[in-house]
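Working notes, beginning with the structure itself.
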Amino acid sequence: MQIMKNKYSIFSLIKNAFSYHENWQRAWRDPEPKKEYEAIIVGGGGHGLATAFYLAKKHNMKNIAVVEKGWIGGGNTGRNTTIIRSNYLWDASAGLYDHALKIWEGLSQELNYNVMFSQRGVMNLAHNLQDVRDLKRRTHANRLNGIDAVWLNTEQVKKFCPIINTSPDIRYPVLGGTLQRRAGTARHDAVAWGYARGADEMGVDIIQNCEVKGIKRNGDSVEGIETTKGFIKSNKIGVVAAGHSSVIAGMVDLRLPLESKPLQALVSEPVKPIIDTVVMSNAVHAYVSQSDKGELVIGAGTDAYVSYTQRGSHDVVEGTLKAILELYPIFSRMKMLRQWGGIVDICPDASPIISKTHIKGLYFNCGWGTGGFKATPGSGDLFAHTIANNEPHKLNADFNINRFVSGDLVDEHGAAAVAH
Amino acid sequence: MFLINCPYCGERDQSEFSAGGEAHIVRPKQPTELSDDKWAEFLFMRKNIKGVQLERWNHTHGCRKWFNMARDTSNDKIHAVYKMGEKPPIK
Amino acid sequence: MLNYNSTIIEAKEFSDIKISEVEPTLKINLRGKNRDFVTKIGKELSIILPTDPNTSSGNKELNLLWLSPDEWLIYSNDKNNLKTINSLEDKLFNDISKTKLGSVTNVTDHWIMINLKGPKIFDMLSAGCPFNFNKFKDSKGAVTQTLLNHVDVIIHNKDINNLNLFVRRSFSNHLWLWMNDSARFV
Amino acid sequence: MMSKNLRIANSNFIDQTSRISFKFDGKILYGFKGDTLASALIANDIHLVGRSFKYHRPRGIMTCGSEEPNAIVQVGNDASMTEPNTRATEIELYEGLEASSQNCWPSVNFDIGSINNFFSPLIPAAFYYKTFMWPANFWKLYEYFIRKSAGLGKSPTQPDKDIYDHRYLHCDVLVIGGGISGIIAAKTAAKNNLNTVLIDDKNNLGGTTLFQQNECFKINNSYSNEWLKKEIETLDSIKNLTIKTRTTLAAYHSYNYLLARENLTDHLDLNEKKDKIRQRLWKIRAKKVIIATGAMERPLIFNNNDRPGIILSSSIKKYIDYYGVKCGQKISLFTNNDSAYETAISLSNSGVSINSVIDIRDKSNSLIVKQAEKLGIKIHWKHTVVNTNGYKKINSIEIMKLSDDGTAVVGKKIKDECDCLGISGGWTPRVHLFTQSGGKLKFRDVDNVFLPDKSELDQISIGSCNGDLELDEVIKNSVNSINKFLNVNNNDYKNLEIISSKEIDKKNIWLLPSDKPFGKTKPFLDFQNDSTANDIKLALREGFKSIEHVKRYTTTGMATDQGKLSNMHALGIVAETANLKMGELGTTTFRPPYTPLTFGAIVGRNVGKFFDITRRTPIHDWHVKCNAEFENVGQWKRAWYYPIENESMHEAVQRESKAARDSAGILDASTLGKIDIQGSDASEFLNRIYTNAWSKLEIGKCRYGLMLNEDGMVYDDGVTTRLGENHYIMTTTTGGAANVLGKLEDYLQTEWPELDVYLTSVTDHYATVSICGPNSKKILSKVIPDLNLSDKEFPHMSFKNALIDNIKCRVMRISFTGEHSYEINIQSSYGKSLWEKCFEAGKEFDITPYGTETMHLLRAEKGFIIAGQDTDGTMTPVDLQMDWIISKKKYDFIGKRSLYRSDTIRDDRKQLVGLLTDDPNEVLEEGAQIVLETKKQPIVMLGHVTSSYFSPNLNKSIALAVVKNGKKLKGQKMFVPMKNKTINVTITDTVFFDKENKRLNA
């Protein structure tokens, strides 16, 4: 069923202003689950909603549902620091993340929803000689993979972001860095809401406050899901549950190579523009950008233990701000306004899983660790392809579960580290 | 920051410890006999439980002893600590 | 003649804190598990090996610090007496390590021993140490291993407001500077 | 010149003898010691202090505390000391204070941005999601202007000169909040010999009771403030009670771990602040926590409720009773509960004329209301304010009668002139810290409050933060729960006679009706972020049902007050509109910190040289003396190279490298990890952790070992020496030392407890001096004359004990350079001296100190790997062409199984090879990629350069690289495509220099 939505534009804003904005339509419906769907996506985060959107748009599967335990975009989509880049080391990752980046570049128009993708550039700093080798290696690989990435020496780093302390006297001086200009940030809520609105318009049922309690299987294939809103039938189930992937997998005794760990982030009070790019440093572990609202958005690290509490330890936050003040001593009088935590599912090789499983009709998209947001559109597109065709797209073929058996890992610790 | 009761040194701040992941994953005595799948199970596959999980911790900055902990990963509550080789106090 | 080099500059006096390095006393790391080991050590040193956590034993010459159920640190009060150092180390090594009772390792220069005196030393420590000193303060002979401004340390309570603090040599200069900086503000 | 008429004389808390001058927006003004910036401004009749975030509407001081949404100012204008977004209500006045309005240009009185107010119909909540999409590439431009207009204050642009500190604190009982219940709690705990800490964010204890001098609130026949004053005086005499004022509890984490920020200098005069700690962050571990954080007054939500001069009623009371400041000359009060009458009484007692009290309730028969009526205060029952007038300051309000169901207004409009409107929407318990700690809330319908319910932690909430809003309840219930919680029996407060006005009649309307159509009204919720009730309804209309969605869509509650004033009304209006029960709706999560916390306080003194540990070798000072450049290796400082005069790095390294091979070089290798291994199973242990076999290694011999992860990838390497039957000394890489020891201990304790092996780190015990080169033997024989250095007695890969001037040392004849060389290990205190001795002895051979760079160059000439540089966690020993080091006999060792997985046994994996450039002077860039095809797209990358140098000893460029299937490709021509050129290379063997290892014995 198709619902024509009124198109968003400055004109629709003016038009609605005259009726005191009382005639705006709902961005998405709030339906009760049907008995059966062609496919069910478990998890209403950015990745899940994008998957549904592309299933409907590219694979003409309209009779599908997204079931979400809480409210859409309430997990890591709404908790990350919204950094988007594709300067990954290995060909497989480069292909995956740059595919996503290309979609980002036209996403606001594709969704008719301003996701505020802002290509203000992402800079990765080097603080020791091995950093320099690794970053240069990545830059070369990126260039040959057609990904824009350049090496900057210390002066160029300073020029691109003058507030960085590039003095040679600091404990770990900045020895240079890489810059990807096409990279940047986007508005996290808008991504979830934009995909939801788009998917809903094509008939996708977005079912919130609906928790999956079990997966019904018949021999080696799936038949549907038990939820808090009853049983829903479907022989294609795509799980995009991030931190809770292992919990869902446990329902069919499937073990995944994942650990769910707390990842924290924080914002400062809003101030007038002071830093207009994204700067990341793995060695000193600090990364920061400034939101359009003026808040410094700072990502902290993960804790080493498993936790589903969405809280981490204070030492991690202290360690991060320590690094921030080392690189930006001018921020010492800035104030932390809000800190929060998310649950990130981390793979041993710091690369995701977008894969079929040995159970027919059951698909997993997980293991994005600390860096899933940037991949949202690509991840959704490729996962949709995998579900629709029961075969991976060539861009996600390498990200199968089986790599942990064969040993053919996609080790991105260097490119990923914690900093996203 | 947790307050962890090291079975040897007593209650200490979390910062003195490091987490070692899921406990009771015994290294196969005869790895060469194992299939790639079984070996992968040992290497990478984890329960990653939401709820009470048995896990390894090390008092890195104290007595440097490894020990086990039963902790509820849904609220971080520590139910018990026990020494290596001891049976888990709760199922 | 080879000469001795300290890592640490001069002793520092603050209003309520005195920080000074104590020059190379003998330090030996002991490892062992079984009862024979414990009794043997007792005989060799005529000191009972402390087996209660976070405690120590000793006599005029030597201190034995509990570090873990199978690890102890011996250190001598007596300064730069190379002879005793070498002889005791050899003796123990022959009687413990060679007889497979445990291990004996000379760590004299692995650890730098810093003495802290004064009514405010615990305030200075708590500027960078998560350990709860409330009880420790008043229990003479108590031992703890913990972190001080992210550096591993062993702390031995010698007497009221009188501590011996052990830090690995390569960290000692850094920690020394930090302690002096902290002392300014207590 | 201050207008005295707003300051009344009789305040006990303001020292009118000490006048303080300060600047606001460049204007010199005066206040008194004890003032806040806010009270001083009001005393100077200044209400317009800022502009709102979105519409730039004029805004004035609205509260007297940390919930202030409007009076957010920039303090100071020094580039390094200025502070943005500071609440005027919390700044204690000091001599030299300079503050200015934010978010307005050119001035707060004439602000260009206020044009937004005119366009406000066009920019409802979240309008930006709906526009700025065309043309696509214009977003950058739109965004530039959006960013410029957003943000409040300005960040400093120079490093902070202030000092911040940390302090750990362990106590039995922590009491948060020094109001009446907190004081009772602290006193009870301390008197029962519990080590107690009481903190309060104000500069003095007492909370609001401190100035509660009213007939309706008495304890034992004296005013409640007088009674409390006596209680406070007794506190000093109690031992084991620590009181910290100006200390804000910022975060309450699990396990009763709390962070509190103590302000030490912010209130001091400018010239007294210097060289003191500005803020100290207390890291508190409390056995028990008592939360007594009180409650805060709610505003009322009605049309144009945001004008300067509209102030919370309880704040007006504090300004008059505590600061002795009148918020206006003609004040009206607008309320839905009794507390506004306390304000009315305080005002009329101080001779301020009250226009009237507008009360939405039909009546109230409480003591306090009766007293107000007695004073002749006019009350409009069942009325509401439908509009307010006055642009930069309120000058009148419009009042109408409420319909019976409260959803509409009836009758004719009354206009009421006033220069200040006090509003009171009831009270919200401060449950923020309770929820931060993981506690769950419950909802109380009668007065619409969320209250603490279940908590995992050892804590209680008492007083008004626990929902006891009346004096007698506060005392009685607090005393009971304290006694129960601490398991004590304190009778001090048993038989108090308490008079307290009781509020019986309650009524609440979340969104008050107006005579205007709703769409035309501006009922503000979040004053700072400019979100209105209309925005909330818009969000609901568009399908944003979850309160978290509404919050995010409208940005309600996301301003610097984190919704302290707006959250309840947002919930209320959502519940009303979607007709849900508020209890069911739940609440948004309060996240730390309670109030914004400076980065500086969180970081403490871990800045500058204390940012991270610096480890030094025993020979460090010598390197410094000889102008070595240093390289950071982990936390170590290692000598990198030793430039002479103005040598470039390249020149220095070429010189050092040549000298080491031509005559003699000396290297400080003290940073290598050293692990002493003893025990009867030592050999078996080494068999299990290294890939090669160890049982047969003779005593006195050394062997190189490679350590893998269980996944088969190279982890670390180093030389291990057998010192005795059951005694080894292992060396690890500098960076790997700690991890290797940890990993080995792990296996010993958890996998192989049956092994009799003990590991002891001796890294810092030994200084390691390495002498290499053709003349190394001659030099060593001068240093240790009585040591037989003949190849027969002391061959390569063997070790000897020795004495140098009676100091024990160990000499290993091992080589990482391919040269004849020795490593002398001596206890660290003699390391520098030994180094100097060797240097002295080497002078006649021009012994040359060399650093890590030369070491790396020399080993590369020999094709020796550096774990971490030539390996990246994806290389097996086979990939490194080190098959020889994998024992075929051994049944198992760490990582062995992984070497036989389908991917790891592939023979076309990336493998370590040597590379020679066609142009011998062309030095490759480390990290550069290697390809076979430059023409075809996409370009297939086969590997990359891991190590690359110009070798002075071969007089050509050499490199190590990993290349797919490299083993089979020796002699193959390949390309290294750089940005601006392509370099031709040939794959070679990894050993470039002295393939026959002749020099080891030269």
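It should be emphasised that the depicted structure is a prediction, and the values quoted were computed from it without experimental measurement. Chain letters run A, B, ... following the sequence lines, proteins first and then strands; every chain starts at 1.
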Checklist entry - Sub-3.5 Å donor-acceptor pair from the side chain of Asp676(D) to the main-chain atoms of Thr105(C), do we have one? => result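 Absent.
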Checklist entry - Between the side chain of Gln827(D) and the main-chain N/O of Thr108(C), is any donor-acceptor distance below 3.5 Å? => result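 Not confirmed, Gln827(D) side chain does not pair with Thr108(C) backbone.
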Checklist entry - Is the shortest side-chain N to carboxylate O distance from Asp90(C) to Lys808(D) below 4.0 Å? => result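 The answer is yes: the pair qualifies as a salt bridge.
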Next on the checklist: Assess whether a salt bridge exists between Asp181(C) and Arg605(D), defined as any Lys/Arg side-chain N lying under 4.0 Å from an Asp/Glu carboxylate O.
Outcome noted: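 A salt bridge links Asp181(C) with Arg605(D).
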Next on the checklist: Under the side-chain hydrogen bond (donor to acceptor under 3.5 Å, both in side chains) test against Ser829(D), which residue among Asp109(C), Asn5(C), Thr7(C) passes?
Outcome noted: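 Between Ser829(D) and the candidates, side-chain hydrogen bond (donor to acceptor under 3.5 Å, both in side chains) is satisfied uniquely by Asp109(C).
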Next on the checklist: Heavy-atom pairs under 4.5 Å with chain D - which of Val104(C), Val186(C), Leu101(C) has more of them than the others?
Outcome noted: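 Heavy-atom pair counts peak at Val104(C).
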Next on the checklist: Heavy-atom pairs under 4.5 Å with chain C - which of Gly831(D), Gly679(D), Ser761(D) has more of them than the others?
Outcome noted: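 It is Ser761(D).
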Item to check | Contact leader toward chain C among Val762(D), Thr763(D), Asp805(D), where contacts are heavy-atom pairs under 4.5 Å | outcome: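 Ranked by contacts with chain C, first place is Asp805(D).
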Checklist entry - Going by the angle between their ring planes, with limits at 30° and 60°, are His727(D) and Phe93(C) parallel, tilted or perpendicular? => result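 Correct class here is tilted.
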Checklist entry - Could you go step by step and tell me if His110(C) and Thr760(D) meet the side chain to side chain contact (heavy atoms under 4.5 Å, CB included) rule? => result CA-CA 11 Å; His110(C) 188 69; Thr760(D) 309; over 6 Å; no
Next on the checklist: Can you confirm whether Asn726(D) sits close enough to Lys98(C) that some side-chain heavy atom of one is under 4.5 Å from a side-chain heavy atom of the other?
Outcome noted: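 Side chain of Asn726(D) against side chain of Lys98(C), heavy atoms only: no contact under 4.5 Å found.
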Item to check | Heavy-atom proximity to chain D below 4.5 Å, by part of Ser182(C) | outcome: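 Backbone plus side chain of Ser182(C), per the 4.5 Å heavy-atom cut-off to chain D.
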Next on the checklist: Less than 3.5 Å apart, any donor N or O on the side chain of Asn3(C) or Ser833(D) sitting next to an acceptor on the other?
Outcome noted: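 Looking only at side-chain atoms, Ser833(D) and Asn3(C) do form a donor-acceptor pair, the distance falling under 3.5 Å.
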Next on the checklist: The test is side chain to side chain contact (heavy atoms under 4.5 Å, CB included); show your working for Arg285(D) and Asn132(C) and say whether it passes.
Outcome noted: CA-CA 9 Å; Arg285(D) 184 76 73 173; Asn132(C) 182 354; over 6 Å; no
